[in-house]
Amino acid sequence: MPASRSAVKVLIANRGEIALRVIRACRELSFGTVAVYSDCDRSALHVRAADEAYHLGPSPAVDSYLRIDKLIEIAIRSGATLVHPGYGFLAENDTFAAACVEAGLTFVGPDPHVIALMGGKTSAREVAVAADVPIVPGTREPFDAGTPLAEIAAAAAVVGYPLLVKAVAGGGGKGMRAVARAEDLADAVTTARSEAGAAFGDSAIYLERRLIEPRHIEIQLLADRHGTVLPFVERECSIQRRHQKVVEESPSPVLAPETREAMAAAAARVAAQVGYTGAGTIEFLLDDSGAFYFLEMNTRLQVEHAVTEMVTGIDLVQWQLRIALGERLTVAPGQALTPRGHAIECRIYAEDPDRGFLPSPGLVRALSVPGGPGVRDDRGVAACFDIPTFYDSLISKLIVWGETREDAISRLRRVLDEYRVVGVSTTLPFFRWLVDQPAFAVGRFSTTYLDDILATRSEPFVLPTNDDTLDALVATAVAGWLRAHRALSAGGSVGRAWRDTGRRESLR
Amino acid sequence: MPASRSAVKVLIANRGEIALRVIRACRELSFGTVAVYSDCDRSALHVRAADEAYHLGPSPAVDSYLRIDKLIEIAIRSGATLVHPGYGFLAENDTFAAACVEAGLTFVGPDPHVIALMGGKTSAREVAVAADVPIVPGTREPFDAGTPLAEIAAAAAVVGYPLLVKAVAGGGGKGMRAVARAEDLADAVTTARSEAGAAFGDSAIYLERRLIEPRHIEIQLLADRHGTVLPFVERECSIQRRHQKVVEESPSPVLAPETREAMAAAAARVAAQVGYTGAGTIEFLLDDSGAFYFLEMNTRLQVEHAVTEMVTGIDLVQWQLRIALGERLTVAPGQALTPRGHAIECRIYAEDPDRGFLPSPGLVRALSVPGGPGVRDDRGVAACFDIPTFYDSLISKLIVWGETREDAISRLRRVLDEYRVVGVSTTLPFFRWLVDQPAFAVGRFSTTYLDDILATRSEPFVLPTNDDTLDALVATAVAGWLRAHRALSAGGSVGRAWRDTGRRESLR
Amino acid sequence: MIFEIEIDGTVRSVSVQPIGDAGAAGGLFQIRIVGPGVGSEGARDPFLVDARPTELGLSLAYPDTGRSVDVAITPRPAGEQLLQLPHVDVRAVLDGRRLRRDGADGGAGTGEQRVAAPMPGRILRVMVERGQEVIARQPLLVMEAMKMENEIRALRAGRVKDISVAAGHSVESGRLLLIIE
Amino acid sequence: MIFEIEIDGTVRSVSVQPIGDAGAAGGLFQIRIVGPGVGSEGARDPFLVDARPTELGLSLAYPDTGRSVDVAITPRPAGEQLLQLPHVDVRAVLDGRRLRRDGADGGAGTGEQRVAAPMPGRILRVMVERGQEVIARQPLLVMEAMKMENEIRALRAGRVKDISVAAGHSVESGRLLLIIE
């Protein structure tokens with residue numbers, strides 16, 4: 001451990017659970033922590049947990065978490081020397097990384113030019129090809145906003161249908177459209193361009209062959225500034241809704257050991273090719289023949305990094321920080337590649353799964369978090385916090401560990417029932433349904449599994465039993481009686497309404 | 001997995017965190033769960049978490065959790081087929097185990113005669129000798145209540161001073177007294193007899209040589225009904241206050257690999273000697289020469305079992321239940337004996353460490369539980385629960401895991417600061433002090449370490465910094481202002497007082 | 001006290017009678033349910049429940065069957081209650097006030113559905129026309145909010161009576177979007 | 001508003017002035033402390049704090065220094081406040097009411113200590129005599145409660161003025177045990 005550690009101070013340019021995750025890693029390394037917040041996040045958990053906290057601006061992200069100038073100013077003012085971008089917001093913005101470097105700060109991530117190179121979907125594909133890693137067939141050059149449709153259509157015919165229209169600057173499913181037939185191409189191009197333009201300020205797109213029922217499998221890696229690249233056991237992220245990961249696990253329930261080795265080696269080649277440093281992830285698609293294709297690289301920490309931590313015991317965020325400080329990776333390659341047991345993560349959002357996963361932000365009146373063996377709760381929300389409407393509505397990443405995948409699923413079933421987020425609809429009922437699906441139990445699913453089900457499904461994910469209905473009737477009636485007798489009118493979950501009303505009103 | 005699992009229903013004859021721990025294991029095995037409760041435990045977490053809950057009787061343990069007749073009656077009435085005793089209460093009571101068997105129930109633990117044999121301190125020592133395991137020099141036969149002091153004094157002279165007077169039926173430091181000189185023997189015998197008589201209804205005692213600065217090291221084991229005995233990597237439990245374990249960890253920071261192997265083999269021999277089944281623990285004292293001595297056997301699950309689960313990945317409570325159902329142990333011996341990383345447990349009690357660890361039961365107004373990597377929280381208390389004065393005041397077992405002992409301590413420091421139990425004094429400040437002690441950091445401590453420090457210490461364990469005092473002043477003043485402006489008067493932690501008052505009054 | 005409680009379109013009348021010293025801290029209550037029979041205890045009339053307030057809502061224990069269940073309760077506007085049970089969320093409406101209500105999602109029972117914006121955002125597409133028949137859960141319009149496209153769906157079958165927004169409109173939370181009769 | 005606050009025997013006067021729209025939901029306050037100087041912000045007079053209620057108590061952020069701290073607050077009888085900071089528990093007494101108090105532990109400040117039973121239990125041993133001088137933290141008596149022997153200690157030095165229990169007595173919580181002057 002370098003002697004300088006206690007003098008290190010880290011600005012976390014993010015919010016919510018990931019800001020808290022970074023703060024925790026800093027504390028364990030004895031680093032100081034600086035949080036930032038927008039108007040609506042003043043009493044968010046990450047602000048409360050940090051040593052210092054500074055106001056960034058109004059709630060919309062463009063006025064706060066995306067304000068490079070303010071972030072740099074706060075870093076300098078607070079005496080922070082490292083800047084950790086988390087994921088999302090500016091995490092893959094090379095301008096931000098460059099601004100940090102220019103201001104004399106250490107950006108916790110790869111060099112700005114590497115972010116730019118791997119962030120461009122087409123340039124990243126070129127890197128993969130150069131590193132001798134197979135890519136999904138598609139167009140090499142991006143089509144900018146002015147490219148006529150006819151040119152795109154001609155290229156589409158070469159790539160072949162079904163295909164995907166993808167934004168060069170895209171991510172998380174935004175600016176991506178599937179096209180089954182040539183006649184649907186024009187619409188998809190228009191929508192993808194407009195989404196990408198609105199979300200990323202860049203409406204350039206490209207085309208890619210759509211594989212049939214592929215699995216999304218990705219390789220986490222760490223690379224230090226001394227040439228060591230360390231690939232990890234894979235994560236399986238095929239359970240997706242509209243290209244957004246919903247459940248992630250490690251290891252994959254299907255990957256053959258030799259495929260794991262080949263994939264890890266391919267990921268390491270891509271990272272070495274560009275002189276990558278820090279934590280990053282290479283995403284692959286695996287087809288039913290066992291062949292895999294480079295999809296893209298995420299030049300940052302992933303939401304789902306915790307499943308890798310659970311099966312390897314390696315703290316990825318601590319290593320991000322240590323690598324940024326110039327330390328050498330000392331992890332044995334075998335430890336990173338050999339999973340111990342099985343970990344599964346569920347992303348619990350404030351969304352109502354029975355209304356098409358409609359966001360349901362609002363006040364979390366109380367929280368009951370699962371405990372006991374084999375459970376990790378990375379939440380960004382505390383009781384009495386009003387989940388803002390300005391950002392994604394992630395409440396918690398719930399991660400379970402079991403000796404086997406079957407054990408992990410049994411445990412997941414248990415902890416999903418223990419978890420209670422009072423006052424808002426969450427995706428918990430959806431996960432309670434998912435863990436009982438035979439396809440999930442045996443691990444037989446592809447990236448289209450969930451969307452296929454959701455397209456035809458109309459009943460609620462979990463139906464109340466007769467006993468549930470009775471309990472609901474009894475609880476409603478007794479609560480009504482107690483309220484009439486003032487018992488619940490100040491405290492517990494029932495009585496906070498008037499205070500919350502007052503609170504919201506005064507925030508307007 | 002036997003097909004019959006979903007028909008299994010388990011009565012948990014205990015309360016608090018250990019009842020919840022067993023409920024969690026049952027849920028993961030798809031077993032039904034039956035909780036029991038005394039008057040003051042009606043809204044305790046274990047009651048709320050179980051499928052079924054039955055009232056036992058008034059709050060004093062003799063009227064509730066020690067009522068064998070009521071427990072058997074409830075087990076039969078509810079259709080439970082297994083009875084799990086947890087730890088404490090009736091967990092090592094062979095009469096209870098026998099009553100279960102007689103009622104056609106499966107007691108989750110060893111056979112009644114094994115409980116009796118290993119529960120008697122002197123008979124247990126005889127078993128150890130027969131199994132060729134060294135014991136601490138001491139008297140072989142118990143002295144019952146009527147034995148004249150002179151006879152005991154004569155035996156004491158043979159054993160040699162310093163020595164310990166120990167209750168045959170004792171445990172957890174109760175009925176145990178250290179004697180440095182012959183002239184103090186009479187007092188110690190009187191106190192030990194009276195404590196043991198009051199606590200266990202049996203005032204028989206024996207004498208044992210007191211080792212100088214020994215370490216308390218113990219071996220967990222599992223034994224199935226088919227002859228397999230599986231010893232685990234050791235637990236180090238030398239941090240004790242008045243013979244009560246306060247911190248436990250695995251592995252020990254000092255044990256040589258060959259000592260571990262010899263100790264594990266010795267533990268397995270003791271278990272095999274008596275046809276032991278289920279989970280049990282052999283406690284040893286390790287002297288400074290590396291020699292170890294059999295101390296006693298606990299024929300039940302230990303409080304500190306979780307540290308073993310954290311470093312081996314093996315779920316001990318699930319195995320207890322599976323063994324009780326006749327399943328065969330399928331764990332590889334290497335997995336049980338090879339720790340992965342390091343785990344440390346702190347027992348967080350509602351006690352004020354700055355007032356001689358005086359119990360401070362009362363209403364827990366709010367709870368903030370640590371999250372993130374490498375932390376397990378086994379708590380038995382929820383917000384708004386009034387910690388009863390009738391039982392021990394354990395709030396939570398906080399367990400951390402790290403790749404190394406040093407990592408685990410860094411993490412422990414982080415999570416101790418995250419943990420907040422609002423409204424009652426807890427032992428958290430004591431642990432915050434302990435993790436910064438050089439002796440703890442290097443693992444140089446014996447069973448007398450803590451008592452030696454506490455004997456001379458008079459200042460508080462953690463002193464507020466100037467910033468802490470400022471924060472306390474500001475918070476008090478602003479809270480006063482907000483209360484005057486009614487903002488905090490209904491919700492959060494400040495405003496619940498009147499409701500709680502109402503609640504307590506109506507419970508009287 | 002007697003409450004009219006609607007769950008999933010079915011209205012039952014539930015009477016609550018305290019037993020002994022039941023009061024502010026909860027206690028034993030006698031329950032009588034009039035309406036379609038339901039649940040393990042529903043067969044008995046009346047039955048007992050031991051109910052205690054917790055940090056989440058209520059802990060219920062039924063002395064006759066031994067069943068124990070932990071219910072989180074959130075009152076919402078117009079008598080709606082969100083009941084979060086260990087495995088499932090249930091919505092109940094207390095004293096039929098939902099029928100008189102004109103905000104939010106329009107309810108799952110009978111009568112007019114007044115579909116309101118669940119959050120602030122922008123209308124991207126309106127997928128139905130005035131006078132059109134819709135089935136339960138049919139997508140009505142797409143809103144962009146919280147950086148995602150969100151489909152607003154019909155809760156019950158009906159006919160679109162009125163549409164008060166068009167694509168491109170920015171709407172506040174609670175703004176009436178359309179009415180289904 | 002001005003509050004007299006005692007911490008660890010030192011009384012300071014703290015004035016709280018809301019700034020702008022600070023109110024029920026907290027906000028910005030101007031703080032002025034009269035008394036022995038303390039803390040990073042204490043050097044400034046006055047200084048600002050942004051304080052917001054949370055589920056535990058208050059989140060404080062000082063705009064001048066950037067410091068952020070999360071404080072849990074529990075009011076106890078007679079103006080005592082238990083403040084639980086991330087690393088340490090602090091006891092404060094609001095508006096000097098501790099001096100008038102006659103229950104529990106007698107306070108850490110000055111004046112008479114009225115030592116009361118912290119929980120129901122049985123007195124095992126009384127280790128001091130009337131008239132005896134005691135030092136801070138000296139054991140006074142031993143109580144058996146919650147299945148453990150518990151030492152009751154003096155909070156401050158003083159002289160034992162009166163002892164109202166003897167070994168073998170069973171006492172209720174709050175029962176006066178002895179007085180130290």
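We name chains A, B, ... by the order of the sequence lines, and we start the count at 1 in each one. Note that this is a predicted model, so its numbers are computed, not measured.
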If you check every heavy atom in residues 329-337 of chain A against those of chain B, which residues fall under 4.5 Å? Gln335(A)
Going by residue number, which parts of residues 45-53 of chain B are within reach of chain A, meaning a heavy-atom gap below 4.5 Å?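 Result: none.
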Toward chain A: residues of residues 312-319 of chain B with heavy atoms under 4.5 Å: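 Those residues of residues 312-319 of chain B which have a heavy atom under 4.5 Å from chain A are Thr312(B), Gly313(B), Ile314(B), Asp315(B), Gln318(B).
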Could you have a look at [options] and say which one has the most heavy-atom pairs with chain B under 4.5 angstrom?
options                                  : result
Glu309(A), Glu17(A), Arg379(A)           : Arg379(A)
Arg414(A), Arg376(A), Arg21(A), Arg24(A) : Arg24(A)
Gly374(A), Gly372(A), Ser368(A)          : Gly372(A)

Assess whether a salt bridge exists between Arg27(B) and Glu418(A), defined as any Lys/Arg side-chain N lying under 4.0 Å from an Asp/Glu carboxylate O.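 No, no charged N to carboxylate O under 4.0 Å.
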Interchain contact, Arg413(A) with chain B, by part (heavy-atom threshold 4.5 Å):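 Contact with chain B: none, neither part.
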In Å and rounded to the nearest 0.5 Å, what is the CD to CD1 distance from Glu28(A) to Ile409(B)? 12.5 Å
Can you name the side chain to side chain donor-acceptor pair (under 3.5 Å) partners of Glu248(B), sequence neighbours left out?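 Arg347(B).
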Val415(B) portion near chain A, given a 4.5 angstrom heavy-atom threshold: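 For Val415(B), no heavy atom lies under 4.5 Å from chain A.
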